[in-house]
Amino acid sequence: MGHHYVPMATVQPSRIQYSQCVVLLVFLLQFSSLQLPSLGYDIQDKYFINCGSDTSVRESGKVYAGESALKTNFDSSYTASNQSAVSSPLYQTARIFGKESWYKFNTEPNGTYLVRLHFFPFPPPSNLSSATFNVSVPGFWLLQNFNATNATNNNSALVKEFYIQITSPGLRITFRPLPSSFAFVNAIELFLLPLHLIVDQVARFTYGISTPKLSTYNGLYSRVLETKHRLNVGGQTTNDSLLRKWIPDDTYLAYPENAHNSSPYNDIKYRAKVDSDGPNANLFTAPTDVYGTAKVTKNMSTNASDVEYKLSNITWSLPVEKNTDHFLRLHFCDFFSLQTDLTVFNLSIYDAHVMAVNEDGSVPSVLPTPYYYDFVVHSDDSGFMRVGVTPSASGYIHFAFLNGLEIMRVIESSTSVPPDPVDSNSKHKLLVVLGSVVGGLVLVVVVVALGFLWHLKLSKEKPFENSNWLPVLVTAGGSSHNRLTDLTSQGSPLPNINLGLRIPLIELQSATKNFHASQIIGKGSFGNVYKGVLRNGMIVAVKRSQPGSGDSGQGLLEFQTEIMVLSKIHHKHLVSLIGYCDERFEMILVYEYMEKGTLRDHLYNTTFPSLSGEQRIAICVGAAKGLHYLHKGAVGGIIHRDVKSTNILLDENHVAKVSDFGISRTGPLEHQSHVSTTVKGTLGYLDPEYLRRRKLTEKSDVYSFGIVLLEVLCARPVIDSSLPREQRNLAEWGLLCKNKGILEGIIDPSIKDQIDQNSLRKFSETVEKCLQEDGTDRPTMGDVLWDLEYALLLQRGVHGSSYSSVSTSLQLSNVRRLPSFSTPSEVDDSSKVLNPAA
Ligand SMILES: *[C@@H]1O[C@H](CO)[C@@H](O)[C@H](O)[C@H]1NC(C)=O
Ligand SMILES: *[C@@H]1O[C@H](CO)[C@@H](O)[C@H](O)[C@H]1NC(C)=O
Ligand SMILES: *[C@@H]1O[C@H](CO)[C@@H](O)[C@H](O)[C@H]1NC(C)=O
Ligand SMILES: *[C@@H]1O[C@H](CO)[C@@H](O)[C@H](O)[C@H]1NC(C)=O
Ligand SMILES: *[C@@H]1O[C@H](CO)[C@@H](O)[C@H](O)[C@H]1NC(C)=O
Ligand SMILES: *[C@@H]1O[C@H](CO)[C@@H](O)[C@H](O)[C@H]1NC(C)=O
Ligand SMILES: *[C@@H]1O[C@H](CO)[C@@H](O)[C@H](O)[C@H]1NC(C)=O
Ligand SMILES: *[C@@H]1O[C@H](CO)[C@@H](O)[C@H](O)[C@H]1NC(C)=O
Ligand SMILES: *[C@@H]1O[C@H](CO)[C@@H](O)[C@H](O)[C@H]1NC(C)=O
Ligand SMILES: *[C@@H]1O[C@H](CO)[C@@H](O)[C@H](O)[C@H]1NC(C)=O
Ligand SMILES: *[C@@H]1O[C@H](CO)[C@@H](O)[C@H](O)[C@H]1NC(C)=O
Ligand SMILES: *[C@@H]1O[C@H](CO)[C@@H](O)[C@H](O)[C@H]1NC(C)=O
């Protein structure tokens, strides 16, 4: 775009009244006054006009040029002013049009322009508020039978804003008074918008049929858009760098009791280039004030069987024109979660399901990244547009939010707009109407399918540069239709159950002093764990589900799974079940008592002495052996699904055993992948690929085990909300430090000096491999085991040790174990992930 010409606006009566002089205005605009960041876009072709005045005025940091050239050409009846009516000088003068008149702007072609018209009718005795008129650009009525009767209520002007695509030079804005009335305007702004702020093709959402659907809408560029609502959801009134005004959303909430404002997040970073076209937002899409605040659902939950969240939707009901296409843009920024895909929720329009938001790689793996979705929706005859977000059973945290919302009316071209008078040397049409809809559903389907494939590829390869995104594609080819139900949940009751392991309730009562509180060694959401002594003298851990929880299918299922898995497998690094009890409504599992508790108990917040570097590696080797056996052993094909430091138990010799198979998954894995709707596992250890694709493989265990390795190395919680954001999630922080070569800085100080450098290198390489984003890039448990054994050798080679190795300490006389359980602190972990409290 050339910058060499002088921006000009011609204010000219139409040919109907060519007795009037053609007036040429020259505006020398002060570019410096705009204070826009120079990031590839600067406001170009700028016109800021103080109509009806001969002086320039400054308003909100912008200079509006006066109409000095008009002074001698218009008599007083063509302007109006009232110095005392309003404080802003911009609104103290108005241009009056008694007849059809137009402004001509020398706009560069090929771009979307923003046009803003300001109307401020002075109070009586002025009669500006009685003016009734039309405003048009070629091919489009911007305003029809318009009056500004109630505009001045709060000493603020009525501002009408439009996005207009211009494909040939110049733009005329024509004011057409209705018969025996007149037109007026106080100020005009016109400038080119950044490339791709609006794109031609978006998704159309159709709701009024039995199955709501998304299709493709072509041709936003051949329409005009009129701003109806621009909401800073959960935030305050703010202005952005395109001088657009965002206002709070509260007055539009349908169920205010369901939602509250998040606390603001102050570190929004845009990850898309300035001229990118979504879905990732750039600097101009919406300001940080918008992405840094949100409305969030009050009842959040990590419990999928909790039903309250399903009703706690946030719904906005916004006045719009009836039965008209509207462009809808929804802004999201997940600054709540520590990992992508933890929170997935449903978007609805007119209470019809549109799509799942915040999942499926539509957002890059780095949080928080601002992004947006565009739709065209035909309003119904209620005069309102209803948009809602509802927590979904899918995802790990049942929660929903929205950061910003824009609604623009789609103005169709109209043949009733009189054509512009023909310029002497030009026959051009200013706006090219493409209009035509892509014919043939087959073609659309092919385009959509190809587009989706391309999108997938792009989002894989260039997570920050989604240059060809279409919301319709995300859903059309996305996750929802290839999700199967959780296979486990259809398991019939105890098919292969080993009845020989049954222990009478009476024996367990006597072993635990009738489940006396003094015997409790652990508590979890399911119930308590008791220490007990069986009649044969064996010390055991008795895990008793809360009486009655058996009828809620979930607990029973996990009970059955654990018995089935554990009664089939026996391995020195896996807990083996001593027995179970299902008498009456009890669900009791009996394990060996594990003297030294969980691995985590030895890492931090502990009274146990610190484990040496060698002990730590040896424990990891043991746990890796257990997991390797699960994956590839005699039974094989078992995915643990909940590998974490509290599920690795230590006996009196610090021999590690993997425990808690309640949510593990059996079945042949080589040929079949598991797809499930409900995410299970523990926050901080969840495999991002599993979250994203809901596809479970043994590589998910490898990922979780990588987190355990990191936890062992650093001796800190995997999620620590008291730390600065970048450090909160151990996985992110560990990898960041590894990449920067400063991993040593975060190693547990108590092993820093004793750990062999080569061993450390091997160990941390293993961590890094386990934590690869793509499961296929991760090693198998067998590889991990090999690497860890090598690290152990390196460690021993340097230091020697009196500590008996894992392999020599396996002759255990008895098998004692402490079953793991979800401790209250882990439940806290998950709730700490979200910080929306106002
Ligand atoms: C200007 O506006 C004030 C009200 O703010 C009104 O009292 C006054 O009459 C107006 N003057 C003219 C000349 O319209
Ligand atoms: C505008 O677009 C048309 C067709 O898309 C093209 O022929 C023309 O060269 C473009 N003009 C500019 C200034 O980019
Ligand atoms: C002004 O326009 C509103 C609609 O915006 C209409 O309801 C009202 O009747 C109009 N007033 C006059 C005086 O035409
Ligand atoms: C204008 O304001 C008056 C009173 O303030 C109200 O009765 C009327 O309905 C309003 N008209 C419109 C179109 O908003
Ligand atoms: C005027 O301001 C008051 C308070 O700030 C607000 O309640 C009212 O809705 C505003 N009216 C208009 C027409 O903007
Ligand atoms: C204004 O717009 C209305 C509605 O389209 C139309 O009927 C009327 O003729 C227009 N008047 C002028 C002067 O353009
Ligand atoms: C508005 O007032 C002006 C004088 O101030 C008068 O010339 C004009 O006819 C009036 N217009 C209408 C529509 O009342
Ligand atoms: C936004 O801009 C308007 C005028 O353009 C100005 O009156 C207002 O103070 C600005 N608000 C903020 C929050 O900057
Ligand atoms: C989950 O919700 C169900 C139903 O509200 C409840 O019975 C169960 O105890 C909850 N589980 C946890 C772990 O809170
Ligand atoms: C949204 O929430 C309201 C109030 O809690 C409830 O009445 C309504 O049924 C909910 N809508 C949906 C679709 O869940
Ligand atoms: C939120 O949960 C509380 C208690 O769990 C319940 O009383 C309240 O009704 C819930 N609110 C909504 C909107 O579901
Ligand atoms: C969310 O959408 C999915 C997919 O349509 C649907 O199965 C699920 O029931 C929805 N959840 C809620 C809470 O509406």
Side-chain angles (χ1 to χ4, degrees), residues 12-18 20 50-53 57 75-103 117-162 172-186 223-224 226-229 318-326 379 381 383-384 407-421 430-431 433:
Q12 191 176 15
S14 73
R15 60 188 159 164
I16 306 164
Q17 43 173 183
Y18 43 68
Q20 301 279 345
N50 178 20
C51 299
S53 167
V57 297
D75 63 38
S76 57
S77 68
Y78 284 84
T79 65
S81 71
N82 185 334
Q83 306 296 315
S84 59
V86 66
S87 53
S88 163
L90 187 61
Y91 300 140
Q92 286 170 1
T93 60
R95 165 62 69 84
I96 311 269
F97 304 104
K99 292 170 181 165
E100 179 177 326
S101 309
W102 45 262
Y103 286 88
L117 307 174
H118 298 245
F119 302 100
F120 185 89
F122 308 124
S126 151
N127 63 4
L128 288 194
S129 61
S130 68
T132 310
F133 52 98
N134 296 348
V135 180
S136 66
V137 294
F140 296 90
W141 293 115
L142 300 185
L143 300 169
Q144 288 177 73
N145 299 329
F146 173 78
N147 67 68
T149 308
N150 282 9
T152 53
N153 284 356
N154 280 351
N155 255 4
S156 60
L158 179 61
V159 178
K160 292 285 179 181
E161 184 184 281
F162 305 90
R172 267 184 235 227
I173 300 178
T174 308
F175 291 78
R176 304 174 193 270
L178 294 195
S180 77
S181 190
F182 60 99
F184 78 99
V185 62
N186 301 72
R223 271 91 171 176
V224 167
E226 178 194 355
T227 306
K228 286 295 183 187
H229 299 282
L318 300 121
V320 293
E321 197 152 304
K322 295 174 183 174
N323 302 312
T324 304
D325 276 349
H326 285 81
S379 58
D381 54 13
F384 290 90
I407 294 186
M408 304 182 85
R409 178 169 71 101
V410 176
I411 303 179
E412 301 290 338
S413 65
S414 166
T415 51
S416 67
V417 182
D420 275 353
L430 292 181
L431 296 141
V433 179

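Note that ligands are numbered from 1 as they come in the structure, with each ligand's atoms numbered from 1 the same way.
- Summarising the geometry, atom CZ belonging to F384 is positioned 13.5 Å from atom CD belonging to E321; distances are rounded to the nearest 0.5 Å.
- Considering backbone and side-chain atoms together, N147 places an N or O closer than 3.5 Å to an N or O of ligand 3.
- Without hydrogens or angle criteria, N134 side chain to N145 main chain gives a donor-acceptor distance under 3.5 Å.
- If you check which protein heavy atom lies closest to atom 4 (C) of ligand 6, you get Q144 OE1, 2.8 Å.
- Close approach of ligand 6 to P177 is summarised as follows: ligand atoms under 4.0 Å from at least one heavy atom of the residue are 13 (C).
- Ligand 6 lies out of reach of S414, whose nearest heavy atom is not under 4.0 Å from it.
- Annotation for ligand 6: atoms under 4.0 Å from non-hydrogen atoms of L178 are 1 (C), 11 (N).
- For ligand 1, the polar-atom distance check against N82 finds a nitrogen or oxygen pair separated by under 3.5 Å.
- The aromatic ring centroids of F140 and F162 lie 6.0 Å or more from each other.
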### Task
Starting from the C-alpha separation in whole Å, work towards a yes-or-no answer on side-chain contact (heavy atoms from CB on, under 4.5 Å) for R409 and H326.
CA-CA 4 Å; R409 178 169 71 101; H326 285 81; 3.9 Å; yes

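- Within the 4.0 Å cut-off (strictly below), a protein heavy atom is located near atom 14 (O) of ligand 6.
- Distance remark: protein heavy atom not present below 4.0 angstrom from atom 9 (O) of ligand 6.
- How far CZ of F133 is from OG of S101: 11.5 Å, rounded to the nearest 0.5 Å.
- Applying the 4.0 Å criterion to heavy atoms of P123 picks out, from ligand 1, the atoms 2 (O), 4 (C), 5 (O).
- Ring geometry, F119 versus F146: the interplanar angle falls from 30° to 60°, so the pair is classed tilted.
- Neither the backbone nor the side chain of F133 comes within contact range of ligand 6; no heavy atom lies under 4.0 Å.
- Ring geometry, Y103 versus F97: the interplanar angle exceeds 60°, so the pair is classed perpendicular (tilted spans 30 to 60°).
- Atom CG of residue N50 and atom CG of residue N186 lie 8.5 Å apart, to the nearest 0.5 angstrom.
- With respect to atom 11 (N) of ligand 6, the closest heavy atom belonging to the protein is N134 ND2, 2.8 Å.
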